[in-house]
Amino acid sequence: MNNTEFIESCENKLNQKFKAIDDIAYFNQVKVSKAFKNNQIAVRHFNGTTGYGYGDEGRACLGNLYAEVFGAESGIVSPHLVSGTHALTVALFGLLRPEDTLFCISGMPYDTIRGVIYGSGNGSLKDFGVHFECCDLKDGKFNFDVIKKKFNTSVKVVYIQRSRGYELRDAFSCTEIENACKFVRGLGFKGCIFVDNCYGEFVEVKEPTEVGADIIVGSLIKNAGGGLAPTGGYICGKAEYVELIGKRLTAPSIGLEVGSYAAGYQYFYQGLFMAPHTVAQALKTSFLIGQAMDELGYKNYPTIDKMPSDITRAIQFDSADKMVNFIREVQYASPVDGYVTCEPWDMPGYDDKIIMAAGTFVSGASIELSADGPVKPPYIAYFQGGLTYEHGRYALERILNKLRG
């Protein structure tokens, strides 16, 4: 069987999965479309502003739009949030005070947020007297027995990371997040349940704010920006928490009354409108890659029988060379810098050398076809994104030519 026949065989086995993805995308597209109408989005909302940005309708309405889409009371959507890590940082500093405890119940957080939480002498939460507790997972799932033992009255924010980061586990579904929210509320917790929602938006028909989370945070160069947003992040949830976070985004005395962006907001609005379809393209690409790698004998997660809870697929290799070659083929298939041979390097914010394929129109955009991972055992490549399924299929052809010859 040649590579084209092999890919067609994989596609035939995925018909039901693709149909399920299309159904989710349609549900979410209708939800987004109704939110646009309810918020009376008009051409004037695309206009930029300068200076203080008083009366910036585009900025204010974008936050309201996101809040409705995500079933939240209030929202911040800002190009001044430079990454998912920055959005998470602003939100955590807005919510936590000295002697409060941040309790992460989903295992150790992603590399880039660790320095924010417990770095030393770098302006971290720890430097400002905020304590940190972490509960390891049990077989990749919430360990409710240990959560109960570690919980105490100093906990002000319970933190859940939806996606796997660089851990070898499945992302948490909204059902699992809902169960975790109910459990910590059952312990008497009255503070903020906080979800890092990166990579998870529009993968299911619900978002964490619809199942018990008080705040969700994400990046616009991942799912929610639909491949069009050039930068930015969002924070949505209960109005009282969003207001506090807004005072950290700008200043305690002015909060969300200011904030200009001269370039205008068209791509932020258009990106959100495109996001359900774009996420569906990424999920189909993920399934195709997963099916092919599974048939070639490579373990990958989530297993091919499961519907994913984010757009990321983890693929395990038995050597650094195979992992690096896989990631390089993704780069070679990229529309931007497709001629570049990527190499492992000491990327800021990470504990190990990282190799990253990201030949993207928006620099570093994970909703576009990309792959990365720390070059260390057990040699896991984390594959995500794909603005079009056809591009993902082409990348698979290149990968198969390298792996199968």
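If you check the side chains of T85 and T112, you find a donor sitting under 3.5 Å from an acceptor.
Between the CD atom in Q270 and the CZ atom in F36 there is a gap of 9.0 Å [rounded to 0.5 Å]. Taken from OG1 in T278 to CG in L228, the straight-line distance is 7.0 Å, to the nearest 0.5 Å. D111 contributes atom CG, which lies 11.0 Å from atom CD1 of I113 (distance to the nearest 0.5 angstrom). Distance NZ/K34 to CD/Q29: 12.5 Å, rounded to 0.5 Å. Taking CG of L96 as the reference point, atom CZ of R248 lies at 11.0 Å (rounded to 0.5 Å). Note: I160 CD1 to F142 CZ = 4.5 Å, rounded to the nearest 0.5 Å.
Taking the six-membered ring for Trp and the full ring otherwise, the centers of Y166 and Y110 sit less than 6.0 Å from each other. A centroid separation of less than 6.0 Å is found between the aromatic rings of Y234 and F70. No close placement of the F194 and Y241 rings is indicated, their centers lying 6.0 Å or farther apart. For F46 and Y265, the distance between ring centers is not under 6.0 angstrom. For an aromatic pair to be called close, the ring centres must be under 6.0 Å apart, and Y261 with F268 satisfies this. Annotation: F103 is not in aromatic contact with F189 [ring centroid separation under 6.0 Å not met].
A salt bridge is absent between K19 and D22: the closest approach of a Lys/Arg side-chain nitrogen to an acidic carboxylate oxygen does not fall below 4.0 angstrom. Here K13 pairs with E295 in a salt bridge; the nearest charged N to carboxylate O distance falls below 4.0 Å.
Nearest heavy atoms, V362 versus E368: N-OE2, 3.0 Å. Taking each heavy atom of E11 and Y389 in turn, the nearest pair found is OE2-OH, 2.6 Å. Considering every non-hydrogen atom in both Y379 and A320, the closest pair reads CE2-CB, 3.5 Å.
Side-chain contact between I147 and F144 is present, with heavy atoms from C-beta onward closer than 4.5 Å.
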